[in-house]
Enquirer: 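Dumping the structure here so I can ask a few things about it.
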Amino acid sequence: MADPLIRAEALVKRFQTGGGLLARPRAMLAVRGVSMAIGKGEVVGVVGESGCGKSTLARLILRLIEPTSGTIHFDGQDLTKLSRGDMRRMRRRMAMVFQDPYSSLDPRFTVAEVLAEPFRVQGEEPPAGRIAELLGQVGLSERLSASYPHQMSGGQRQRIGIARALAQAPDFIVLDEPTASLDVSIQAQIIALLSELRRELGLTYLFISHDLGLVRYFCDRVVVMYLGAVVEVLPKADAPARHPYTAALMDSTFAPDPGQRKTLRAIEGEIPSAFDLPKGCAFAARCPRASDRCRAENPELSATDHPVACFHPL
Amino acid sequence: MLLSVENLGVRIGKVEPLSSLSFTLDRGEILGLVGESGSGKSLTAMAVTGLLPLIGGRIAEGAVMFDGTDLSKLPEDRLRPYRGKRIALVTQNPMTALDPVQRIGDQVDIMARLHLGLDAKAARARTVELLTRLRIPEAVTVCDAYPHQLSGGMKQRIVIAMALAAEPDLIVADEPTTALDVTVQAQIIHILGELVRERGLALMLITHDMGVVAQVCDKVAVLYAGRLAETRAVGPLFASPHHPYTTALIDCIPREGMARGSLTGIPGLVPSVMSYPSGCRFHPRCPRADATCERTIPETRTLPDGGIVSCHHPLGGDHG
């Protein structure tokens, strides 16, 4: 990629818990050395199950939390080296849409106040007409600007969350499961809106989801994470899975067609605890292809057109 | 027929959130009950399990025929031999369905002790057997654990074990996998399917996910705003949906190789029970609606394949 907008290098995030009077502190690696680049105008999906580190990765990339190690370059500048003031100015260019439109909007703010806040954080007031324009961009009527979140449906609230992200005309938006708490009918509306906004405004998205079907529909490339590490990058949304975990995710995604029923080779077991990572490949205990080598050594992500971290790829 | 819901109407106070609902379900079958939030799926589950009084509701018309008995006419004390014993409920959130301060084994044992009259030892033996059948590793150890020590997928299996413990004929599962990760969802759906086939259970599976329906159900009832839109066998329903709402719901799920931009969703919202539209309740969101749809409630028509559809302008032939 000639000129990526985002370049994350070897990001690591370690969280520590416990450490009371009697309990020994326990550390977990939420993100274990993730590198990725996102080109201008690209939509990159990050998919994985709960606890795989996808939301932590998103927060690291926006520097909402500090990495334990590693760097993030945004349009050539190293975010981890920016001062607070420079970082705040840089924040105009990036935004986030959160999963739950019920808890991510302040219940005491009207819609107009929610949309004015990104300006106030920067010490400004929204330009005249900007709020109406934002509401128009997300397909809502200007009349809603005096409403409170509890007066709106989930889909309307999520549109407000998107309008808030658009407020400062950013280049890059992280979409953290933006449709996970919505009905499928509303999910499809929101995805259509996001596609349209991207086309019109030339946005770059990082789309985080647990729904591989949705990610493959919406994204140009797909990063698959398992227990804090990238296990595969699908170079195109319709590329076949090479990592057994990606294959398992695909098998768990049901098509709306009874003629395409999956014979479930249902992977057994569940995701191990991030506090107690196994030696070797983190997926080995659930993997039908695992060998002794997988249980002893950790496979690296290959440096190919279709990167995969597996000793026995499909 | 094990379960036959006939012209069911539910009232809560002054409103009637569910009207003229009919469908059937037999042993060894899985019925998918689908629709958006607010379409009446969970109310149907509560009507079938006799739990409407909990939310101040009641069955105002129609019948819930279960193995020859109309449950809607039974007083509470005569419902008890059915509920939990012959009809079991699996709820959406396994985190809240289990008692946090009771050990897993005790919570499952109680079902067999209460409903089958087994003593403590026999009940525990059954529990261990059930947990093993649900592929819970080290079932004996798990019996001594508390819910917080188990993962979400494990807890949902415990809830399913509780439902199975009294050997029910019918399981009503209300979004049993919505709170779970996709690989765990696939395991649970797989297990439920196996149980239905091998034990001749009937399963009423409530879901909003047409992918899950296509994967595991034998027949489907599509609800919209408290009315039945369409009910068919799963094959014909997906091959040639007759109700425009069914088509719209199917088209909300991304398919392999679908072109970007072709997923548009359903415009508008499910109306609230306080403001159900006149005529066909789907008409404000329907691409085929005309003046008739605004005025007149469509009659339910029985199709040659035995399905039922309720639409003035049904789609025929091929999907689309």
Side-chain angles (χ1 to χ4, degrees), chain A residues 43 47-52 139 153-156 179 182-193 195-196 198-199 209-220 237-238 245 248-271 273 286, chain B residues 34-39 135 137 151-154 180-191 193 208-218 220 233-239 245 248-270 272 285:
Chain A
V43 182
V47 71
E49 296 178 279
S50 33
C52 75
S153 68
Q156 283 174 324
T179 62
L182 305 173
D183 255 316
V184 284
S185 55
I186 310 299
Q187 161 172 293
Q189 284 178 20
I190 295 288
I191 293 296
L193 171 68
S195 303
E196 192 185 306
R198 169 188 175 229
R199 214 171 33 244
S209 177
H210 65 276
D211 181 343
L212 186 61
L214 188 63
V215 166
R216 291 173 93 201
Y217 166 77
F218 185 58
C219 301
D220 301 313
D238 58 358
Y245 178 62
L249 278 183
M250 286 186 186
D251 276 348
S252 305
T253 308
F254 304 134
D257 178 358
Q260 290 179 38
R261 286 196 176 174
K262 305 266 165 79
T263 351
L264 287 175
R265 282 168 285 158
I267 47 169
E268 287 300 321
E270 294 179 38
I271 306 173
S273 159
R286 305 172 74 191
Chain B
V34 293
E36 293 162 276
S37 332
S39 55
R135 295 198 212 109
S151 69
M154 209 65 105
L180 305 176
D181 270 316
V182 284
T183 55
V184 181
Q185 158 169 307
Q187 292 167 12
I188 298 280
I189 291 292
H190 186 56
I191 286 176
H208 62 271
D209 185 339
M210 278 296 205
V212 169
V213 172
Q215 171 70 23
V216 77
C217 293
D218 302 300
V220 191
V234 70
L237 183 98
F238 280 88
Y245 182 58
L249 268 188
I250 295 172
D251 288 346
C252 285
I253 310 286
R255 286 164 193 263
E256 196 104 351
M258 196 183 220
R260 222 186 328 203
S262 44
L263 202 64
T264 53
I266 310 174
L269 293 172
V270 178
S272 96
R285 303 174 77 188

Enquirer: Where does B/Ala248 contact chain A at under 4.5 Å (heavy atoms): side chain, backbone, both or neither?
Expert: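 Contact with chain A is absent: no heavy atom of B/Ala248 under 4.5 Å.
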Enquirer: State, with a plain yes or no, whether a side-chain heavy atom of A/Val184 is found less than 4.5 Å away from one of B/Asp209.
Expert: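 Counting from C-beta outward, A/Val184 and B/Asp209 never come under 4.5 Å.
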Enquirer: Need one label for A/Cys219: side chain, backbone, both or neither, based on atoms under 4.5 Å from any heavy atom in chain B.
Expert: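 The backbone, not the side chain.
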Enquirer: How far apart are the closest heavy atoms of A/Pro256 and B/Ala214, and which atoms are they?
Expert: C-CB, 3.8 Å
Enquirer: Which answer fits A/Val43, side chain, backbone, both or neither, if we ask what part of it has an atom under 4.5 Å from a heavy atom of chain B?
Expert: side chain
Enquirer: How many angstroms lie between CD in B/Gln215 and OG in A/Ser252, if you round to the nearest 0.5 Å?
Expert: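 Interatomic distance, B/Gln215 CD to A/Ser252 OG, rounded to 0.5 Å: 9.5 Å.
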Enquirer: Do the side chains of B/Ile189 and A/Lys262 get nearer than 4.5 Å, heavy atoms only?
Expert: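 No, side chains not in contact.
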Enquirer: Go through the atoms of A/Ile186 and report whether side chain, backbone, both or neither lie under 4.5 Å from a heavy atom of chain B.
Expert: side chain
Enquirer: Taking all non-hydrogen atoms of both residues, which atom of A/Asp183 and which atom of B/His208 are closest, and how far apart?
Expert: OD1-CB, 4.3 Å
Enquirer: Under 4.5 Å from any heavy atom of chain A, what part of B/Ser37 do you find: side chain, backbone, both or neither?
Expert: both
Enquirer: Is B/Leu269 close to chain A through its backbone or its side chain, or both, or neither, when contacts mean heavy atoms under 4.5 Å?
Expert: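 The answer is the side chain of B/Leu269.
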Enquirer: Can you tell me which of B/Gly193, B/Gly235, B/Cys217, B/Gly38 forms the most heavy-atom pairs within a distance under 4.5 Å of chain A?
Expert: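 The option with the most such pairs is B/Cys217.
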Enquirer: List the atom of B/Pro254, the atom of A/Leu214, and the distance in Å for their closest heavy-atom pair.
Expert: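 Residues B/Pro254 and A/Leu214, closest heavy atoms: CG-CA, 3.8 Å.
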Enquirer: Taking side chain as everything from C-beta outward and backbone as N, CA, C, O, which of these in B/Val216 sits under 4.5 Å from a heavy atom of chain A? Side chain, backbone, both or neither.
Expert: backbone
Enquirer: Give the minimum heavy-atom separation between B/Gly268 and A/Gln189, together with the two atoms involved.
Expert: O-NE2, 3.4 Å
Enquirer: Report which part of B/Gln185 has an atom under 4.5 Å of a heavy atom belonging to chain A: side chain, backbone, both, or neither.
Expert: side chain
Enquirer: Okay, side chain of B/Glu36, backbone of A/Ser185: is any donor-acceptor separation there less than 3.5 Å?
Expert: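 The answer is no, because no donor-acceptor pair under 3.5 Å joins these two groups.
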Enquirer: Chain B heavy atoms under 4.5 Å from A/Asp257: which part of the residue, side chain, backbone, both or neither?
Expert: both
Enquirer: At what distance, to the nearest 0.5 angstrom, does CD1 of B/Ile253 lie from CZ of A/Phe254?
Expert: 12.0 Å
Enquirer: Kindly give the heavy-atom pair with the smallest separation between B/Ala259 and A/Tyr217, and that separation in Å.
Expert: O-CE1, 3.3 Å
Enquirer: Based on non-hydrogen pairs under 4.5 Å, which of A/Gly213, A/Ser195, A/Ser50 is most in contact with chain B?
Expert: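 Between A/Gly213, A/Ser195, A/Ser50, the count favours A/Ser50.
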Enquirer: Compare every heavy atom of B/Val234 with every heavy atom of A/Arg261, then report the nearest pair and how far apart it is.
Expert: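 Looking at all heavy atoms of both residues, the shortest contact is NH2-CG1, 3.6 Å.
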Enquirer: Are the side chains of B/Glu256 and A/Asp238 in touch, meaning some heavy atoms are under 4.5 Å apart?
Expert: no
